[in-house]
*Asks:* 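The structure follows.
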Amino acid sequence: MDSFLHRFREFQKTLFFDFFCFLWLGIFAFLAFAPFYLSHLVWIAPFGLFWITHKYSGRYWRLLGYGFLFGVFFYAIAFHWIHHMAMVFGNFPWPLAFIILLLAGVLFGAKFPIFLISYSFLSRRAGKHSVWVAGVCGMAADMIGYQLFPWYWGNLAAGNIILAQTVEITGVYGLSFLVFVISYTLFETNLLHLPEILRSKDKRSHFIKFWSLPFALLLLFVIVGSSLYIKWKNVTPTKTLEVLVVQPDAPMSIRDERGRSPREVIEDLMGRMDKMVENAVQRAGKNPDLIVLPEAGIPYFSANRELLKIRMGDRIYWPRFDSLMVSFANRYKATVFFNEIDAAYKTKSSGREYLRYFNNNVVYDPNGVRRQAYQKQYLVMFGETMPFEFMYDLSPQTGRFDPGESFDLLHYYSDIPKENPTTVLPVTWEKTEGLDAEFVRNYYSPTHTELKDEGAFLPLICYEVIVPEFVRKFKDSGNPQFIANLTNDKWYGTTTESDQHFELGRLRAIEWRRWLVRSTNSGISGYVDHLGHFIEGKSTSLMKAETSWQQIQVIDSPPGFYILYGNLIPWIMIVLTAVYYGNLLLRNNRSET
């Protein structure tokens, strides 16, 4: 054993060891996350950071450069799908797409150099390494470092369903703190010498003292998590909803590789979607309360009739799109929630230079009447917007969207059936040819019923669901009954992105204690309950047209601690640490002088 440790210490002195550390962190962090869910590996993944910090302690320029290299290696391993997206979405050649992947690691991997420098600085100034310093620096790096695709160390630990419950109080950053505390403790504990430690009274005493804080902290998280799990598991829902999620697998482009015209491609999509809904309802033997279509389910078009008043070069309002949504609502007496492109003038001027486009979610009530809409606010850089104008020429497919401004919740409705309901022949997709949406709405008017506003839900588009601070902003608009996330992950193919995206959004269900409905264009669509469980057997496959039907529960509860106070606990910990070590630095400086 001593021989092995000696060889390892010699290896640590080499440059190859540095690359070993980069690979160590990237590989174990990747395996600890979706779709592998080997969450126990998160406790050793930060070892690479600790090794490098100790080896180059106080050499801040080296640590800064190595921090960016950690970001590059992590992105190349865990977020390899950026390369696929750059080729498919941006039409970049393979070498340039690879450079974009590496640049993403540099630009959006700031959490790594922030940790290395802050941890090294505080440890040196304090005169010793500390589990508390490791935890606070890891947590602060997660909070401060900008990320294009936000993931946090706490998300990896949240694979443990008991620990995941604590995000209701501390948010995901509390779990990040726990990860670094426990990881650093394991790192500094040579478990290979455990028999020797147990035999020696002095070593045993030191071991117990060193492990007291980490063990107490882990025990606290387990006790709190278990208590919250039991509490919410026994909550009785106020009602249930029948939800039908439609995953149409819409094409990324209506320029078809098989030689079909754009009209034929979109006709095939709409007809397929119509049949999917019809078959799902027939199999269930009942109507859904809510039909949910994904982001870009009908790409490049809008069902907003108001756009006819806007003078655009290419009309994006499509009457048949509108007609099908009206038909869905009336045929199945369901609220229809779907995504479209919207547009408006920025000012009262009507010049094309003032026209702005929005990624828009819309509700149609069971009578087919257009209700509220939500415009996406958290736009994805390089996908929906560019930081500089010249970059649009490099990636023509990138959208030119403006962010919305409203955090209003959207409402859904139920119909109050008549004693002798009137029935009419359904208006299927084929029958909408040449029909105006208003004609379809009037055609169904004999079947219209009184409606009941059933309550509100939280609408999110794509990456918005993975940013906890952003989602919290909806709290001032009311208390939602569930969360609906409409997403288009088709740009990423069959890579791990969709699994990671779904997993990152899962914690919003726990923070809000609300069910999460996820509808994607090409997978993975599915459901998460208020405990953070994926509903087994109800998640769809990738790159396939499927539907998923689930009865979701509505939980009636006031907003929890995290929703009310956000990252209050993590910030208190950071401030107290800064005050303590600030005073320590002042005392050390005075003693030196």
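The first residue in the sequence is number 1, and the count goes up from there.
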*Asks:* Step by step, work out the side-chain hydrogen bond (donor to acceptor under 3.5 Å, both in side chains) result for Gln165 and Arg513.
*Replies:* CA-CA 10 Å; Gln165 305 306 311; Arg513 293 302 176 183; 2.8 Å; yes
*Asks:* What I'd like to find out is whether the side chain of Asn479 reaches to under 4.5 Å of the side chain of Pro559, using heavy atoms alone.
*Replies:* yes
*Asks:* Compare all side-chain heavy atoms of Arg283 with those of Trp549 and state whether any distance is below 4.5 angstrom.
*Replies:* no
*Asks:* For Ser519 and Gln247, does a side-chain donor sit closer than 3.5 Å to a side-chain acceptor?
*Replies:* no
*Asks:* Regarding Arg441 and Asp436, does a basic nitrogen lie under 4.0 Å from an acidic carboxylate oxygen?
*Replies:* no
*Asks:* Can you check side-chain hydrogen bond (donor to acceptor under 3.5 Å, both in side chains) on His448 and Asn367, steps first, answer last?
*Replies:* CA-CA 6 Å; His448 287 180; Asn367 287 335; 4.5 Å; no
*Asks:* Please verify the inter-ring angle class for Phe98 with His83; under 30° counts as parallel, over 60° as perpendicular, anything in between as tilted.
*Replies:* perpendicular
*Asks:* Could you check, using the six-membered ring where one of them is a Trp, whether Phe407 and Phe474 have ring centers closer than 6.0 angstrom?
*Replies:* yes
*Asks:* Evaluate whether atom CD of Glu430 has more than 12 neighbouring non-hydrogen atoms of other residues, nucleotides or ligands under 6.0 angstrom away.
*Replies:* yes
*Asks:* Is the charged tip of Arg518 near the ring of Phe502: under 6.0 Å from the six-membered ring centre and within 45° of its axis?
*Replies:* yes
*Asks:* Using every non-hydrogen atom in the two residues, find where Phe30 and Ala78 come nearest and quote the distance to one decimal.
*Replies:* CD1-CA, 3.5 Å
*Asks:* Hey, what's the ring geometry for Phe149 with Trp81, parallel, tilted or perpendicular (30° and 60° as the breaks)?
*Replies:* perpendicular
*Asks:* Keeping Asn488 on the side-chain end and Asn521 on the backbone end, is there a donor-acceptor pair under 3.5 Å?
*Replies:* no
*Asks:* For the pair Asp274 (side chain) and Met270 (backbone), establish whether a donor and an acceptor sit closer than 3.5 Å, ignoring hydrogens and angles.
*Replies:* no
*Asks:* Using side-chain contact (heavy atoms from CB on, under 4.5 Å), reason through Val277 and Leu244 one step at a time and then give a plain yes or no.
*Replies:* CA-CA 8 Å; Val277 175; Leu244 171 62; 4.1 Å; yes
*Asks:* Would you mind checking if Arg508 and Glu511 are paired as a salt bridge, meaning a charged N to carboxylate O distance below 4.0 Å?
*Replies:* yes
*Asks:* If you measure from the Lys or Arg side-chain nitrogens to the Asp or Glu carboxylate oxygens, is any gap between Asp342 and Lys376 under 4.0 Å?
*Replies:* no
*Asks:* Distance from Ile510 atom CD1 to His533 atom NE2, nearest 0.5 Å?
*Replies:* 8.5 Å
*Asks:* Using modelled atom types and a 3.5 Å cut-off, is there a donor and acceptor pairing between side-chain atoms of Gln147 and backbone atoms of Trp151?
*Replies:* yes
*Asks:* Assess whether atom NZ of Lys538 is packed by more than 12 heavy atoms of other residues, nucleotides or ligands within 6.0 Å.
*Replies:* yes
*Asks:* Heavy atoms, side chains only, cut-off 4.5 Å: are Tyr444 and Arg331 in contact?
*Replies:* yes
*Asks:* Measuring from Arg305:CZ to Trp318:CH2, what's the distance to the nearest 0.5 Å?
*Replies:* 16.0 Å
*Asks:* Could you pull out the closest heavy-atom pair between Leu409 and Pro459, with the gap in Å?
*Replies:* CA-CD, 4.4 Å
*Asks:* Taking atom OG1 of Thr432 and atom CG of Asp322, what is their separation to the nearest 0.5 Å?
*Replies:* 10.5 Å
*Asks:* Should Arg514 and Phe457 count as side-chain neighbours, where that means a heavy-atom distance under 4.5 Å?
*Replies:* no
*Asks:* Please examine the side chains of Ile316 and Tyr300, heavy atoms only from C-beta on, and report whether any two atoms are closer than 4.5 Å.
*Replies:* no
*Asks:* When the aromatic ring centroids of Tyr412 and Phe482 are compared, is their separation below 6.0 Å?
*Replies:* yes
*Asks:* Do the two ring centres, one from Tyr364 and one from Phe337, sit under 6.0 Å apart?
*Replies:* no
*Asks:* Using a 3.5 Å distance criterion without hydrogens, assess whether the side chain of Ser302 forms a donor-acceptor pair with backbone atoms of Ile341.
*Replies:* yes
*Asks:* Just checking Tyr37: does its OH atom have more than 12 heavy atoms from other residues, nucleotides or ligands closer to it than 6.0 angstrom?
*Replies:* yes
*Asks:* Could you walk me through whether Phe79 and Phe74 satisfy the ring-ring contact (aromatic ring centres under 6.0 Å, His included) test, starting with their C-alpha distance in whole Å, then the side-chain angles of each, then the deciding distance to 0.1 Å, before giving a yes or no?
*Replies:* CA-CA 7 Å; Phe79 293 165; Phe74 174 79; 5.2 Å; yes
*Asks:* Within a radius of less than 6.0 Å around NZ of Lys452, do more than 12 heavy atoms belonging to other residues, nucleotides or ligands occur?
*Replies:* no
*Asks:* Between Lys239 and Asp289, is the closest basic N to carboxylate O distance under 4.0 Å?
*Replies:* no
*Asks:* Would you confirm whether Asn279, through its side chain, and Met276, through its main-chain N or O, come within 3.5 Å as a donor-acceptor pair?
*Replies:* no
*Asks:* Is it true that Phe338 and Phe321 have ring centroids separated by less than 6.0 Å?
*Replies:* yes
*Asks:* For the residue pair Ser548 and Ile535, establish whether any side-chain heavy-atom pair is separated by less than 4.5 Å.
*Replies:* no
*Asks:* Show your working on side-chain hydrogen bond (donor to acceptor under 3.5 Å, both in side chains) between Asn304 and Glu340 and close with a plain yes or no.
*Replies:* CA-CA 8 Å; Asn304 188 0; Glu340 65 177 3; 4.9 Å; no
*Asks:* Hey, mind stepping through His501 and Tyr463 against ring-ring contact (aromatic ring centres under 6.0 Å, His included) and telling me if it holds?
*Replies:* CA-CA 8 Å; His501 191 175; Tyr463 282 9; 5.0 Å; yes
*Asks:* Please check if the side chain of Asp268 supplies one atom and the backbone of Glu264 the other of a donor-acceptor pair under 3.5 Å.
*Replies:* no
*Asks:* For the residue pair Thr447 and Thr423, establish whether any side-chain heavy-atom pair is separated by less than 4.5 Å.
*Replies:* no
*Asks:* Pro248 versus Pro294: any side-chain heavy-atom pair under 4.5 Å?
*Replies:* yes
*Asks:* Are there more than 12 heavy atoms of other residues, nucleotides or ligands under 6.0 Å from atom CD of Glu536?
*Replies:* no
*Asks:* Is a side-chain donor or acceptor of Ser327 paired with a backbone partner of Ser323 at a separation under 3.5 angstrom?
*Replies:* no
*Asks:* Using 0.5 Å steps for rounding, measure from the CD1 atom of Ile461 to the CZ atom of Phe401.
*Replies:* 9.5 Å
*Asks:* Is the backbone of Ala509 close enough, under 3.5 Å, to the side chain of His530 for a donor and an acceptor to pair up by distance?
*Replies:* no
*Asks:* Where the side chain of Thr449 meets the backbone of Lys418, is there a donor-acceptor pair that is under 3.5 Å apart?
*Replies:* no
*Asks:* Would Asp489 and Thr487 satisfy side-chain hydrogen bond (donor to acceptor under 3.5 Å, both in side chains), going step by step from the backbone distance to the final call?
*Replies:* CA-CA 6 Å; Asp489 284 346; Thr487 296; 5.3 Å; no
*Asks:* Which residue is it: Arg272, Lys544, Lys490? I am looking for the one with a salt bridge (Lys or Arg N to Asp or Glu O under 4.0 Å) to Asp249.
*Replies:* Lys490
*Asks:* Can you list the steps and then say if Leu460 with Ile483 is a side-chain contact (heavy atoms from CB on, under 4.5 Å)?
*Replies:* CA-CA 8 Å; Leu460 299 169; Ile483 304 169; 3.8 Å; yes
*Asks:* Check whether Tyr413 forms a cation-pi arrangement with Arg371 (NZ or CZ under 6.0 Å from the six-membered ring centre, at most 45° off the ring normal).
*Replies:* yes
*Asks:* Donor-acceptor pair, Glu464 side chain versus Tyr378 backbone, under 3.5 Å?
*Replies:* yes
*Asks:* Under the side-chain contact (heavy atoms from CB on, under 4.5 Å) test against Trp515, which residue among Thr240, Val554, Ile552, Val243 passes?
*Replies:* Ile552
*Asks:* Within a 6.0 Å radius of atom CD on Glu433, are there more than 12 heavy atoms belonging to other residues, nucleotides or ligands?
*Replies:* yes
*Asks:* Have Gln551 and Glu242 got a donor and an acceptor in their side chains that come within less than 3.5 Å?
*Replies:* yes
*Asks:* Got a sec: does the NZ of Lys233 have more than 12 other heavy atoms crowding it under 6.0 Å?
*Replies:* no
